[in-house]
Every structure is written in structure tokens, then in C-alpha cells.
Amino acid sequence: MAQIIHKPSWHIDEALATPHSVFLDRRELLKGWGLAGLGLAAAAALAPVRVRAAEGPAAQFYPAKRNESYTIDRPLTPEEINSRYNNFYEFGSHKQIWRAAQALKTNPWDIVVDGLVEEPFTIGFEDLVGRVALEERLYRHRCVEAWSMTVPWTGFALADFVSLAKPLSSAKYIRFETFMDPDVAGGQKQSWYPWPYIEGVTMEEAGNDLAFMVTGAYGQPIAKQFGAPLRLALPWKYGFKSIKSIKRISFTETRPVSFWEAILPQEYGFWANVNPEVPHPRWSQAQERILHTGERVPTLLFNGYAEQVAHLYDGLEGQSLYM
Ligand SMILES: Nc1nc2c(c(=O)[nH]1)N[C@H]1C(S)=C(S)[C@@H](COP(=O)(O)O)O[C@H]1N2
Ligand SMILES: [Mo]
């Protein structure tokens, strides 16, 4: 695996030197589970790692009805695989962070809404979920590391949240911030990272039908390692845009600088739209590994969602739309 060649001036540890590189090959991972060469039946025999419906916040809303407009032509990634292969740097940079993430306390969970809105407010997660309509959607999920999954998310349109928040017409972007609690999330003790995790979208992107606020997966409240109780899913962008465990949502006039952009602006930008023809500076994006089968398939422009989102970028061709 190629490393960054030039050393940044600031302190960098070994894990940070390869953010978003593949620490574990999928085959190694399956080997680690004693599953190499075995089929799905064996994978399914793994104990599921998830919150039981009765324990999760807003559990009474599950399972939500599937919206058939958002189905895809790929098999779903088994929950047992997905829930043990995550990126959640607050809990470490390895691929076993699902265990560490169980320390997160998600109930109660308040979300601050501020910035360019008629009236800033704080809303409890359960209260928020009570004001929107939950539905299930099957989405592709493509990490910049060139692996992909297919996930049955439950949630509500980001546009519905925007209506609730009542932004001013001067708002051009939405900035999302993850919780900050180094006592619970050991990764946040690594002071060379610019915690908390930040992500952002334009108001136009937020209004697109595909932009989804996720509260559940696999028919239940989302497991902690997926970013409970509230995360984003922006399926036409690389996975790092889909920020987890959101605590604060701010409407801004200036473009937010995201966590990864602050660390490595030459590798991770604001737009991060999936494009097979634009390689990451250290690896190709032409193909992806479907996580649970190991199959390599061609990556699609906008991760297969070009028809729904390509128009969002008309007139922006001069920008780095694909990193
Ligand atoms: N707060 C936070 N959000 C995050 C991350 C993170 O480390 N912290 N990782 C991102 C990356 S790189 C990816 S690929 C997805 C992974 O989501 P998953 O673990 O549900 O597959 O979450 C994104 N959201
Ligand atoms: Mo990622």
C-alpha cells in the first residue's frame, strides 16, 4: 500500500498516514473470522451485533415501510458483515471499532440546530423522529477506500429536516458536527485529529431527494457503530461525507471545512462525488470490491445515481467535484 510520500509538518502517526487506505483486505478479514471460502449461511451464523429494537431510541417506529423508489439491483450486504466492518474514527482507525462503539450513550440525545435559521433550537432525537415520516430505502454505500455495500437504511429526507429548521434565505450550506466526548470515544484523545468530525453539503444538495437522514438500518434503530442515533446517507458521494452520530446542525453562508479536508486537503475535498475516472491520489477508483462477496465491479459515475444528482453540479465543472 503506497504511503504519503511527503511528511506534513504536523505530527502524524502510522494510522493517520494511511487514512482511508485498506488496513485489512476483505479476504484477511473473513479469514480472521474463520469464514474464508464459506458462504452466506456461515456468515449468517455469526451473532448479530445490533441494538435490539426494544432498546433503541424511537423503537416504536420500526420496521418502517420500504419506499420502492429506492431499490437497487444488488444483493443487500448481510447485517452481520456490515455491522463488523465500519469506519468510525472516534473509536479508532481499525476495522474492529464496532466493539468500542458500544460505549456510546445515545439515549437521551439532543441535537442543536443553529446558524442562519429563523430561531435556533435544541431538539431531542425522539422528538425529531416524531415529527417526520420514517421510511426504508435500499442504498449503495461506496467508501473512498474502494469497497462497497448495499444497505437497507431507515430514515427521513434531509429536505424534511430543512423544512423543520426554517433556514434563512442567506443560508448556502449545512454544516454537520458529530458528538465530542473523548472519555467515551478514545480516538478523540488523539489531539492531532481536528475533532469533532465535521461534514457539509450545499442547500441544493440537501434538497435533493436522495439526501437522507438515517435513524435505522436492517429494520431497527441503527446500531451504534453505524452512527446512532442519527447520521447522513449521501449515496452519490464517498462514504466519508455520510457523517455519523450528529449532535449539531448549522446553516452557514460559508462552505464548511470537513474533518478529512482539514487533515488532507490534497486527497479529500468538499464535494467528494463518486467518479470512476478520477483516481484518488494514491489508488484507482475505477472498481470497487463488494464487501461481502469480494467481487470486483466497475464503479459508476455518482455511484449509479447520476440521473438524480448530476444536474446539481451544472456550472461547477471548474471545481474539484470528485475528490
Ligand atoms: N463521525 C464520523 N462519521 C463518519 C466516519 C467517522 O469516522 N466518524 N467515517 C465515514 C466513513 S469514511 C465512511 S466509509 C462511513 C462508514 O459508514 P459505515 O461504518 O456505516 O459503513 O461513515 C462515515 N462517517
Ligand atoms: Mo470511507
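Counting convention: from 1, in listed order, for ligands and their atoms alike. The structure presented is a predicted model; accordingly, all values stated were derived computationally and were not measured.
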S.K.: For Asn82 and ligand 1, does the shortest N/O to N/O distance drop below 3.5 Å?
M.R.: no
S.K.: I'd like to check which ligand 1 atoms, numbered from 1 as shown, lie under 4.0 Å from a non-hydrogen atom of Glu90.
M.R.: 1 (N), 2 (C), 6 (C), 7 (O), 8 (N)
S.K.: What are the atoms of ligand 1, with element, lying closer than 4.0 Å to any heavy atom of Gly239?
M.R.: 10 (C), 11 (C), 13 (C), 14 (S), 15 (C), 22 (O), 23 (C)
S.K.: Table please: side-chain donor-acceptor pairs of residues 312-323 below 3.5 Å, with sequence neighbours left out.
M.R.:
residue, atom, partner, partner atom, Å
Tyr313, OH, Glu205, OE2, 2.5
Tyr313, OH, Trp236, NE1, 2.8
Tyr313, OH, Lys237, NZ, 3.4
Tyr313, OH, Asn273, OD1, 3.3
Glu317, OE1, Gly315, N, 3.0
Glu317, OE2, Gly315, N, 3.3
Gln319, OE1, Arg255, NH1, 3.2
Gln319, OE1, Trp271, NE1, 2.9

S.K.: According to the ring-ring contact (aromatic ring centres under 6.0 Å, His included) rule, which pairs have a member within residues 161-184, sequence neighbours left out?
M.R.: Tyr173-Phe270
S.K.: Quick check on contacts: which atoms of ligand 1 are under 4.0 angstrom from a heavy atom of Cys143?
M.R.: 14 (S)
S.K.: Determine, for Lys247 against Glu90, whether the closest basic-nitrogen to carboxylate-oxygen distance falls under 4.0 angstrom.
M.R.: no
S.K.: Hey, could you give me the OH/CD distance between Tyr218 and Glu80, rounded to the nearest 0.5 Å?
M.R.: 8.0 Å
S.K.: Checking contacts here: is it the side chain or the backbone of Glu145 that comes within 4.0 Å of ligand 1, counting heavy atoms only? Could be both or neither.
M.R.: neither
S.K.: Taking both backbone and side-chain atoms of Tyr85, is any N or O found less than 3.5 Å from an N or O belonging to ligand 1?
M.R.: no
S.K.: Quick check on contacts: which atoms of ligand 1 are under 4.0 angstrom from a heavy atom of Phe226?
M.R.: 20 (O)
S.K.: Does the distance from a Lys or Arg side-chain N to an Asp or Glu carboxylate O, for Glu135 and Lys65, drop under 4.0 Å?
M.R.: no
S.K.: Atom OG1 in Thr150, atom CG in Leu138: separation rounded to 0.5 Å?
M.R.: 8.5 Å
S.K.: Which is it for Phe88 and ligand 1 at heavy atoms under 4.0 Å: side chain, backbone, both or neither?
M.R.: both
S.K.: Quick one about Ser245 and Tyr197 (side-chain donor to acceptor, distance below 3.5 Å, no hydrogens or angles considered), yes or no?
M.R.: no
S.K.: For the residue pair Phe240 and Tyr238, does the interplanar ring angle fall in the parallel (under 30°), tilted (30 to 60°) or perpendicular (over 60°) class?
M.R.: parallel
S.K.: Look only at interatomic distance and state if Asn86 has a nitrogen or oxygen under 3.5 Å from any nitrogen or oxygen of ligand 1.
M.R.: yes
S.K.: Quick check on Glu119: does its CD atom have over 12 non-hydrogen neighbours (other residues, nucleotides or ligands) under 6.0 Å away?
M.R.: no
S.K.: Find all atoms of ligand 1 within a distance of less than 4.0 Å from any non-hydrogen atom belonging to Ile243, and give their numbers and elements.
M.R.: 3 (N), 24 (N)
S.K.: Under 4.0 angstrom from ligand 1, any heavy atom of Ser242?
M.R.: yes
S.K.: Evaluate Tyr89 for polar contact with ligand 1, using N/O atom pairs at a separation under 3.5 Å.
M.R.: yes
S.K.: Quick one: which ligand 1 atoms are inside 4.0 Å of a heavy atom on Thr178?
M.R.: 1 (N)
S.K.: With the threshold set at under 4.0 angstrom, would you say Arg231 reaches ligand 1 through any of its heavy atoms?
M.R.: yes
